Protein chains: 2
Amino acid sequence: MLPRVRAAVAQLVAGLGAGASGQPPAERRGGGGSGCSGTGGSPEGPSSSCCRPAFLQLTPEELRRAGDHTGRAVQSPRDGRRRLPWSTGYAEVINAGKSQHNEDQACCEVVFVERRPSPRARRPSGEGGRELDGGRKGFYFHYWALFDGHAGSGAAVMASKKLHLHICEQLRDLVDILQDPSPPPICLPHDVRAGPTEQSRLPLTEDDGEAPNDAVPRFHLEKAVSHESLVIGAIENAFKLMDDQIERERASQHLPGGCCALAAIYLLGKFYVANAGDSRAIIIRNGEIIPMSREFTPETERQRLQFLGFLRPELLGKEFTHLEFPRRIQPKELGKKMLYRDQNMNGWAYKKIQEDDLKFPLIYGEGKKARVMATIGVTRGLGDHDLKVFSSNIHIKPFLSCFPEVRVYDLTQYEHCPDDVLVLGTDGLWDVTNDKEVAGVVMEVLTSYEPNDPCRYTMVAQELVVRSRGVLKERGWRLANDRLGSGDDISVFVIPLGGPGSYT
Amino acid sequence: MLPRVRAAVAQLVAGLGAGASGQPPAERRGGGGSGCSGTGGSPEGPSSSCCRPAFLQLTPEELRRAGDHTGRAVQSPRDGRRRLPWSTGYAEVINAGKSQHNEDQACCEVVFVERRPSPRARRPSGEGGRELDGGRKGFYFHYWALFDGHAGSGAAVMASKKLHLHICEQLRDLVDILQDPSPPPICLPHDVRAGPTEQSRLPLTEDDGEAPNDAVPRFHLEKAVSHESLVIGAIENAFKLMDDQIERERASQHLPGGCCALAAIYLLGKFYVANAGDSRAIIIRNGEIIPMSREFTPETERQRLQFLGFLRPELLGKEFTHLEFPRRIQPKELGKKMLYRDQNMNGWAYKKIQEDDLKFPLIYGEGKKARVMATIGVTRGLGDHDLKVFSSNIHIKPFLSCFPEVRVYDLTQYEHCPDDVLVLGTDGLWDVTNDKEVAGVVMEVLTSYEPNDPCRYTMVAQELVVRSRGVLKERGWRLANDRLGSGDDISVFVIPLGGPGSYT
C-alpha cells in the first residue's frame, strides 16, 4: 500500500485529483452541473502547474527520477497499478537537457457525455437515446491525447487536463442527434437543444405556431450533413474554446508558451484523430501503414501564412516581407535578380530585388529549422498568446491556428486483430524515425508476446521510446546505427484496435 | 488539294495563322524578337474571335457541321492532314444547345524557346547550352492545352492562342540554367539573365568588384531550389501574365467571360500538368490510374474563399456572409440554432441565427450546383475580370485565382509502353464518367488497334467523346446505360507516353 499512498500524496502536491472518474464534480461556473465525467471535472475549473500525467501514478521518488536529464529513465504505467483503457500502452522520457521540465504531457480518459437538460422539452424518461450511468442519458467516449509544450509547460499541462472536457461540453448538445440514425436536423427550434427524436415528440403546434423545422426539406438546395461532421465540428470548436481558456487564464494560472495537441477520440464506433501541430498519428493494420494526421509547420502551411501576410501587411510590422527567398538578401544586392515565391506559387522565379525585399522573410529556413518570423517552428496549436518576435512588438499568434485537422477512421469497417494499433507520438519520436521503422518495431515487439498479454502494448511504447532516445555514449545519446538520438521529450501511446482487452 | 485550300481560307476568315511554326514573327511590342516559335508568334500580338482549333484544319462546311447542336458530330484531325505531335489523339463535340458556340478551345504546339540575348555577357558561340534550330540557342517544349470557356468564348480563344507563348517567354531566361546540371543560382548578377554557365565565364572582378554571387553559399541557411521548381514557377507566372493580358485587352479584343485552363508541357524529360479550373488530367500506365490534377471549385476551395471573405469583408458587399449554411435562412428563423461552418472548420456545428446570418452565403450549393456568390461554379481560371453578382456592383474576380496547380511526372523514371497515355478532358467528359471508366475505354480501344497504328489515340479520343455525349433519343442525349449524356462541350486529348511515334 505504501507506494500508492506516496503516489496519492505526490499527485496532491502537484495539484491533481480535482475530480474522479464516474463522480461528476459539483456545480461550478456556467449554471449547471458540468455533465462531463472524467478526471478534471468542468472545463472552467482550476488547472495546475508542471507534473507528470496522473495515470502514471508516480511516487515522489519516481517523479524525481523521471525528471533526471542524465538518466532519462523511460516512464510507463506500472504493473499492478491501474491499467489504461483497452490495455493501451504508454511510455515517455524527458529531454536531454533542452528544457528544465518534460514539456510533453499526456492524457487518457473515458468520458461520459451527459445530455444537457432541456428547459422546455417534456421528456418521458427511458425513450429516445440510451440511459446510462445510473439513469443519466448520454454516451461515453474514449480519449487519448499528447501535448508537446514549448517555451514553458503551462499550456500543455492545462490542455492535458481540460481539452477532453471541452470536447465533452461540445458533444452534450448532440447526445440525441448522434444516437438517432436519421440525418441531423439543419435547424433546431428555439431553445431546444436536443435532436430530432425530441422534436418529433413535441406537439406540431408550438408556441409560435410553426411546424418543427426539419420535418421536410424546405428548399430544393439543402445540404446533407453527416453525424460524423457534427463530431468533427464539435472537436474543432473544443480546440478553439481550449485556446480561448488559455488566453483568459494565462496570467492568473501562469501559462506561458504554447503546445501542439494531438488527440484521438473513440466515439460510437469511430476514431476521430485531431491534430494541431507537429505530433503524428498512424494506424498499423495488418502491416499496412495508414497516416492519421499531417504536420502543420511553416513549410506545410507556407501559403496560408503568406496569404495572411499579403492581405494584412500590418501584421508583419515593418520587419517582415510575405515573400519567401531562399536566403537573406544583402543591401548591396539591390537591383540584382533573386529567386522568390509568393503566396500563389509553389515554384520559384527570379525577381529584381527592391528595397522592400530586404526585410526578413515571414517564412524562413528548411525542415526542422523552418520558422515563422524567425521565432516558432509549428503553425498550429494552443496558447502562445503572448508570443512576440524577439525584441519587437510584433505578435505571432495571428499567424498560428488553434484548429486541428480531424481525420476519421471507422473501426467497424474492418475486423481488427490484436496486432493492429494506433500509434500517437510527439515529434521527439518522429524526428529520428519514420512510419515504416515504427511499424517494424510494433510488429517485432508484438510477436514476442502472447496476443492476450495486456502488457504487450506498453512494451511496444517503451521500445519505441528507447529506440528514439538511444543510449548514452561518450558522444551523447546515440541510436543503434550511431546516429544522434532524439534529445527532445518523447511520448508515445500505442492503442490496440482489436482483440482481447479492447473496448473495455 | 481543294479541301486544304478551303481549310486555309476558313482559318484566314476566322483570323488565324498569325504565325507559323519555325518562323519567328517579326519584332512586336516589348523591344526584342519574340523568341518563341510556334503558332501565334508573340504573346502580345492580336488574337481573334470564335473558331475551332487550327490543327483541325476544318473546311467552311466542316466548320458549319461542327457547330450544329442537333447533330453534334465529333471532330478530330483527319487522316491525310497534318498529324499532331507524338500521334496525339484529339476529339471534340459541341454542346447540346447550352451556348451558341462551342466554348471549349484546344491547342497543341511544339514551341522553341530561344535564349534571350544578354546585353552584357560576351558569349563565344557553341559553348554552354545546345545550339538548335539554325544556330539559335534554346530548347523545345511540347504543349497540349484545353480551355473551357464560360459566358462567352473570347477568353478561351485568346488563351488557346497565347498561353504557350507566355510560357515560352517565362522560360527564355532559364535556357542555360535548365540545361546546366548544377543547382540553379539563387541570385543573378545585375542585368545578366543567363545561368551559371554564363557567369562562370565572366571575369571574377566585375564592374562592381564583386565575385559571382553563387560561387559559394554565403549563409548557412540557404534553400536548395530545383530545376523543376523553376519550370513550375515559370508556368505559374505565365498563367498570371495571360490573365493580365486578357484584363488589358478585354475591351478592345471583345473578350467577355472567362475560361478554365488545363495545360500539359513536356520539357526536358518531364511532364508538367498545370490546372486552373475543373478540367482533369490522368495518366493511365499499365492499367493503373495516376491523377495529374485536381479540380478547383467552390467546394474544394471553400476555406480559401471563406478566409478571404473573413479577412476582407468589404469584398462581400452587404449581400453575402463568409459563413456557410446548409440552406438559406428565413427571417422568421432568427434566434433558432442552425448548422454552419466558418473558414476554420471542416465539420459542422450549431449557432444561434443572428441578423447577419440572413445574408446569402459566399459559398452555396452542392456538387455541380455549388456557386461562389450564387454566380460561378469554378474558382480558378483566366478572365472574368468584369464578372459581377447579378444586378449588383459586387465583383467576383477577387475570389477567383488564375494560378494553376502544377504536377510533375518524370517520363524517364519508367519504361512506357504504347498503351500508356495521358488523358486531358474538359468537365464535359468528366461530368458523366470517371477515371476508372475512362481507363477502361482507353484499354479497350487501344487493344483493338496495332501498337504502331498512329490513328489509335485519335480513336480513343473519339470513343471517349462519343460515350460521354451519348446518342440522341426521344428523351435527349442518352448514354448506353440510359442515363443522360453530357450536354456540355466535350474536348479530349489522348497523349501517348511511349512506343512508336512518340517523342517526334
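Below, chain A is the first sequence line, B the second, and so on; all start at residue 1. Fair warning: this is a prediction, and the values are worked out from it, not measured in the lab. Values below: all heavy atoms of this structure, side chains included; hydrogens, waters and symmetry mates excluded.
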Chemist: Got B:Leu311 and A:Leu308 here, is their nearest side-chain heavy-atom distance under 4.5 Å?
Modeler: yes
Chemist: Would you mind reporting whether A:Tyr350 and B:Ile177 have side-chain heavy atoms less than 4.5 Å apart?
Modeler: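 They are in contact (side-chain heavy atoms under 4.5 Å apart), so the answer is yes.
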Chemist: Mind checking the CD-CZ spacing from A:Gln303 to B:Phe403? Nearest 0.5 Å is all I need.
Modeler: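 So the gap between those two atoms works out to 10.0 Å.
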Chemist: Using a strict cut-off of less than 4.0 Å between a Lys/Arg side-chain nitrogen and an Asp/Glu carboxylate oxygen, indicate whether B:Glu236 and A:Arg341 qualify as a salt bridge.
Modeler: no
Chemist: Would you mind telling me which of A:Leu339, A:Ile235, A:Ile232 has the largest number of heavy-atom pairs within less than 4.5 Å of chain B?
Modeler: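 Between A:Leu339, A:Ile235, A:Ile232, the count favours A:Leu339.
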Chemist: Among A:Lys369, A:Arg328, A:Arg327, which residue satisfies the salt bridge (charged side-chain N to carboxylate O under 4.0 Å, His left out) criterion with B:Glu222?
Modeler: A:Arg327
Chemist: Quick one: what part of A:Asn237 sits under 4.5 Å from any heavy atom of chain B, side chain, backbone, both or neither?
Modeler: side chain
Chemist: Counting only heavy atoms closer than 4.5 Å, note whether A:Glu228 contacts chain B via side chain, backbone, both or neither.
Modeler: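 Neither part, no heavy atoms under 4.5 Å.
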Chemist: Tell me, for A:Phe307 versus chain B, whether the close heavy atoms (under 4.5 Å) come from the side chain, the backbone, both or neither.
Modeler: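 Just its side chain gets close to chain B.
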Chemist: Can you confirm whether more than 12 heavy atoms, excluding those of B:Phe310, are under 6.0 Å from its CZ atom?
Modeler: no
Chemist: In terms of heavy-atom pairs under 4.5 Å with chain B, which of A:Gly233, A:Pro326, A:Gly365, A:Ala349 leads?
Modeler: A:Pro326
Chemist: Would you say the side chain of B:Lys337 lies within less than 4.5 Å of the side chain of A:Asp173, judging by non-hydrogen atoms?
Modeler: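 Result yes, sub-4.5 Å side-chain heavy-atom pair found.
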Chemist: Which heavy-atom pair separates B:Lys336 from A:Cys187 by the least distance, and what is that distance?
Modeler: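 What the structure gives for the nearest pair is CB-SG, 3.8 Å.
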Chemist: Let me confirm one number: the CE-NZ distance from A:Met345 to B:Lys240, rounded to the nearest 0.5 Å.
Modeler: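 Atom-to-atom, A:Met345:CE and B:Lys240:NZ are 12.0 Å apart.
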Chemist: Flag the pair A:Met338 / B:Ile186 as yes when at least one side-chain heavy-atom distance between them is below 4.5 Å, and no otherwise.
Modeler: yes
